[in-house]
Number of protein chains: 2
Amino acid sequence: MNSKKNTEADILKAAKKIFIQHGYAGARMQAIADEAKINKAMLHYYYRSKEALFGRIMDGAVDLMSQQFRKALSGTAPVMDKLKALISSYTDTINQNPYIPIFILNEIARNPINFQSKMQRKLEEENVLQNFMLQIMEEQEKEILRPLPIPQFMLTVMSLIVFPHIAKPVFVRVFGISDAGYAGMMEDRKELIYEMMQKTMTL
Amino acid sequence: MNSKKNTEADILKAAKKIFIQHGYAGARMQAIADEAKINKAMLHYYYRSKEALFGRIMDGAVDLMSQQFRKALSGTAPVMDKLKALISSYTDTINQNPYIPIFILNEIARNPINFQSKMQRKLEEENVLQNFMLQIMEEQEKEILRPLPIPQFMLTVMSLIVFPHIAKPVFVRVFGISDAGYAGMMEDRKELIYEMMQKTMTL
DNA sequence: ACCGAGATTAACCATTCGGTTAAACTTTTG
DNA sequence: CAAAAGTTTAACCGAATGGTTAATCTCGGT
């Protein structure tokens, strides 16, 4: 009935799962083929090599993440409003793709230069990050935001948003929380994070 | 002059470097041997297998981390004081071993159960974590600390402390910061993190 | 019906990898 | 000093891995 020529997409889906689960070095082409229920040769037929296939998956992840930045941080809204949007969209996206942060982290350790150039290219497209940083400095001068080095500011937000998803496997076990329970905690954190930023970053 | 029988330690040092750089699956026994300037067979002579050698490295990392917890969180000092100590010692330790967080993160993704059982065993030795959590609940009842689910509380501290070290490779490039500069930022963060916790977690 | 291009498969290949072996070298010990 | 114990090495091994090949299948267009 519904068995059309979706092989190419099947491969990507399978590759995503296997690469995320085992990392680049730990992933086996055979495992990806099995997961996609196809012959191993098909992988090389559609995507030349392991590295190329991995690149596709990584591109997707980088796109997804940089999109969040662009949507939340563009425009003229005040910094704290943008932050609220970023917190919300990032939390949602990661909740739907819980393994992306670890996946990206592994790639950063494996090949930092390649990843960073991919990400930077995306963000430089519309000067998203640059403009946002300038906006922060403006609001600092207007004494809306506390004067704090930009990296510290960014580091703090990203820490509060991203880390809980990375540490999920540990916390789930230590505190005996269900997957649904953890997702709920992440939802609650939206408000908590915004409140923390409000209380500590604004004047 | 100083070339004694330090082969065993040399191997551990080399293994640490290679495992951290490439992860378990990506690390090659030959690369470890080269790094230690010995024959590959020596690795198996001193440590039976790759898995066993990796286990040694991981044990060391877990020990180091759990030690911080034990030192900072034991005793009868108020929660916020303990937190201050934890922030400081954790930051120092990671500053001296910057790769440990990523290393542990990779292992959590690779084999979550094994890691968590190792860590939990360490922390259960003196009920460190359990006692600290009870203390938090006490201070919440005494209206010293804000009533907030314990996991959220722990997640917030750990996020602020650990994540900046994980994200270092990215931030260093994005903001063009030197290694020394980043270490300095981490030093400054000690106060910032404590202040954030103070402002948002106490009543 | 048939043909040809794209899709799919089984079998195969070269290399790499973790691990082993047996011999040689070094240090300890009686 | 000589045997024993501990250390180191080169050569080797089987299994696994990423990748290739040639043959086969599928199916829309003529």
> Mark yes or no: B/Arg110 above the aromatic ring of B/Phe54, with NZ or CZ under 6.0 Å from the six-membered ring centre and no more than 45 degrees from the axis.
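Flagged: B/Arg110 positioned over aromatic ring of B/Phe54.
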
> How many whole angstroms separate atom CD of A/Glu8 from atom C1' of C/dT8?
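In whole Å, C/dT8 C1' lies 14 Å from A/Glu8 CD.
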
> May I ask you to decide whether A/Lys37 forms a salt bridge with A/Asp10, counting only side-chain N to carboxylate O separations under 4.0 Å?
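No.
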
> Does a side-chain N or O of B/Thr7 approach OP1 or OP2 of D/dT7 to a distance below 4.0 Å, or not?
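The answer is no; no side-chain N or O of B/Thr7 sits under 4.0 Å from OP1 or OP2.
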
> Could you walk me through whether A/Arg146 and A/Gln140 satisfy the side chain to side chain donor-acceptor pair (under 3.5 Å) test, starting with their C-alpha distance in whole Å, then the side-chain angles of each, then the deciding distance to 0.1 Å, before giving a yes or no?
CA-CA 6 Å; A/Arg146 162 186 187 173; A/Gln140 284 179 338; over 6 Å; no

> Do B/Lys50 and B/Tyr24 meet the cation-pi criteria used here (NZ or CZ under 6.0 Å from the six-membered ring centre, within 45° of the axis)?
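Yes, cation above the ring, under 6.0 Å and within 45°.
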
> To the nearest angstrom, how far is A/Asn6 atom CG from C/dA7 atom P?
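Rounded to the whole Å, the gap is 12 Å.
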
> Which parts of nucleotides 11-18 of chain D does protein reach within less than 4.0 Å, heavy atoms only, written one letter per nucleotide 5' to 3' as B for base, S for sugar-phosphate only and - for none?
------SB

> For A/Lys17, is the NZ atom crowded, meaning more than 12 foreign heavy atoms sit under 6.0 Å from it?
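No.
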
> Please give, in whole Å, the distance from D/dA10 P to B/Met42 CE?
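One finds 12 Å between P of D/dA10 and CE of B/Met42, rounded.
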
> Which whole-number value in Å describes the distance from B/Tyr45 OH to D/dT7 C1'?
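In whole Å, D/dT7 C1' lies 5 Å from B/Tyr45 OH.
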
> Would you indicate what A/Tyr46 reaches in the nucleic acid, counting non-hydrogen atoms under 4.0 angstrom: base, sugar-phosphate, or nothing?
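It contacts sugar-phosphate atoms only.
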
> Can you name the salt bridge (charged side-chain N to carboxylate O under 4.0 Å, His left out) partners of B/Arg70, sequence neighbours left out?
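Expected list: B/Glu126.
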
> Within this structure, what is the NZ-to-C1' distance between A/Lys37 and C/dA7, rounded to whole angstrom?
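Value for this atom pair: 19 Å.
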
